[in-house]
Novice: 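Here it is: the structure, laid out below.
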Number of protein chains: 2
Amino acid sequence: MKTNLYEKKAQIFKALSNPVRLEIIDFLADGEKCVCEIVENLNYEQPHISKSLIKLKEAGLIKDRKEGLNVYYSLKICCMGEFFNCLNKIFKQENN
Amino acid sequence: MKTNLYEKKAQIFKALSNPVRLEIIDFLADGEKCVCEIVENLNYEQPHISKSLIKLKEAGLIKDRKEGLNVYYSLKICCMGEFFNCLNKIFKQENN
DNA sequence: TTATAATATTCCATTTTTGGAATATTGTCA
DNA sequence: TGACAATATTCCAAAAATGGAATATTATAA
């Protein structure tokens, strides 16, 4: 049961290691969204989105809030923006 | 062949989504190290370390430099420290 | 109650990742 | 050359992730 820090971090990275989930995170960076909005804007089947959201939630990266029929998801970790920006810069450099 | 940005990022996260590889990155944060040093300090078989290093290199996270029999590896991406620190903080909060 | 909209779950075949074991390659030095 | 040290590669079975399809759950409103 003793999951060390490296394993914990690895699990977070695992949750981030999928393009659909990254796209969802990017979309949530704009603020809280309900599942229906995510499904409308991103081009994936609703069950696929739903499963992706649950994986992100299990990893502790997003949180949810129910309101009637809707479930609203939002980011729970602040430092991703910085890291993403850094990656973007690196990708730009590579294209030279 | 068109790998979009999300897929590129996902591949970086995939490379980071393994405790052994994270441990290696942590060790390299101290500066350039040869494979033998990594094998001595971390407690994994040499082929396992070697494969992990190659995966990290393919992802563009580290680079290598040969010198005689030795191969020295070092970090290639600067922004990981910040992100790791952020994750550490989050883990601490969770333990409250 | 029943119909319906929003979301979650299950099932499943395919692909990918994992790490151990054995082996190969490469550079150096006597 | 031959031996050895450092590193990389291959092979493989087991485990995990992927995404499509069908279906289940839940809350609301009529």
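Order of the sequence lines fixes the chain letters, A, B, ..., with proteins taken first and strands second; residue numbering starts at 1 for each chain. All values below come from the heavy atoms of this structure, side chains included, with hydrogens, waters and symmetry mates left out.
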Novice: Between Val39(A) and Gln46(A), what is the shortest heavy-atom contact and its length?
Specialist: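 Between these two residues, the closest heavy atoms are CG2-CA, 3.9 Å.
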Novice: Output yes when a side-chain donor or acceptor of Ser17(A) lies under 3.5 Å from a complementary backbone atom of Lys14(A), and no otherwise.
Specialist: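 Yes; at least one donor-acceptor contact below 3.5 Å.
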Novice: Given side chains that start at C-beta, do those of Leu16(B) and Arg21(B) come closer than 4.5 Å, heavy atoms only?
Specialist: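 When only atoms from C-beta onward are counted, Arg21(B) and Leu16(B) do not touch, as no gap falls below 4.5 Å.
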Novice: Does the distance from a Lys or Arg side-chain N to an Asp or Glu carboxylate O, for Lys9(B) and Glu7(B), drop under 4.0 Å?
Specialist: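 Salt bridge absent between Lys9(B) and Glu7(B).
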Novice: Just checking, is any N or O donor in the side chain of Asp26(A) or Tyr6(B) under 3.5 Å from an acceptor N or O on the other one?
Specialist: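 The answer is yes; a qualifying pair exists.
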Novice: Which pairs pass ring pair (Phe, Tyr, Trp, His ring centres under 6.0 Å) with one or both residues in residues 16-47 of chain B, sequence neighbours excluded?
Specialist: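 Non-adjacent pairs meeting ring pair (Phe, Tyr, Trp, His ring centres under 6.0 Å): Tyr44(B)-His48(B).
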Novice: Of Lys14(A) and Asn70(A), whose nearest nucleotide on DNA chain C comes first from the 5' end?
Specialist: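 This one resolves to Asn70(A).
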Novice: Over how many whole Å does the gap from Gln11(B) atom CD to dT16(C) atom C1' extend?
Specialist: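 Result: 12 Å.
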Novice: What range of DNA chain D does chain B touch, first nucleotide to last, counting atoms under 4.0 Å from its heavy atoms?
Specialist: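 First-to-last contact on DNA chain D, by the 4.0 Å heavy-atom rule, is dA5(D) to dT10(D).
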Novice: Under 3.5 Å, is there a donor-acceptor pair between the side chain of Glu37(A) and the main chain of Cys34(A)?
Specialist: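 The answer is yes, because a donor-acceptor pair under 3.5 Å joins these two groups.
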Novice: Between N or O atoms, less than 3.5 Å apart, protein on one side and nucleotides 26-30 of chain C on the other: list the pairs.
Specialist:
none

Novice: If the cut-off is 4.0 Å, is Asn18(B) near the phosphate of dT17(C), judged by side-chain N/O to OP1 or OP2?
Specialist: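 Answer no for this pair, as no side-chain N or O of Asn18(B) is under 4.0 Å from OP1 or OP2.
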Novice: Checking all strands, does Tyr73(B) fall into the base, sugar-phosphate, or nothing category for heavy-atom contacts under 4.0 angstrom?
Specialist: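 Sugar-phosphate contact only.
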Novice: Any residue in residues 47-55 of chain A with a heavy atom nearer than 4.0 angstrom to DNA chain D? Just list them by number, or reply none.
Specialist: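 Going residue by residue through residues 47-55 of chain A, the ones with a heavy atom under 4.0 Å of DNA chain D turn out to be Pro47(A), His48(A), Lys51(A), Lys55(A).
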Novice: May I ask you to check if Lys63(A) and Tyr73(A) form a cation-pi contact, with NZ or CZ under 6.0 angstrom from the six-membered ring centre and within 45° of the axis?
Specialist: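 Verdict for Tyr73(A): no cation-pi partner in Lys63(A).
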Novice: Tell me whether the rings of Phe83(B) and Phe83(A) are parallel (<30°), tilted (30 to 60°) or perpendicular (>60°).
Specialist: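 Ring orientation, 0 to 90° scale: parallel.
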Novice: Is Lys8(B) positioned over the aromatic face of Phe91(A), cation under 6.0 angstrom from the ring centre and no more than 45 degrees off axis?
Specialist: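 Flagged: Lys8(B) positioned over aromatic ring of Phe91(A).
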Novice: Taking DNA chain C as the partner, which of residues 32-46 of chain A come within under 4.0 angstrom of it by heavy atom?
Specialist: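 Of all residues in residues 32-46 of chain A, the ones placing a heavy atom under 4.0 Å from DNA chain C are Cys34(A), Val35(A), Cys36(A), Gln46(A).
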Novice: Suppose the criterion is disulfide bond (SG atoms under 2.5 Å apart): which pairs have a residue in residues 49-79 of chain B, not counting sequence neighbours?
Specialist: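 The answer is Cys86(A)-Cys79(B).
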Novice: Closest approach of Cys36(A) and Asn70(A), non-hydrogen atoms and distance?
Specialist: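 In terms of heavy atoms, the two residues are closest at SG-OD1, 4.2 Å.
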Novice: What are the two closest heavy atoms between Asn18(A) and Ala10(B), and how far apart are they?
Specialist: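 Between these two residues, the closest heavy atoms are N-CB, 3.7 Å.
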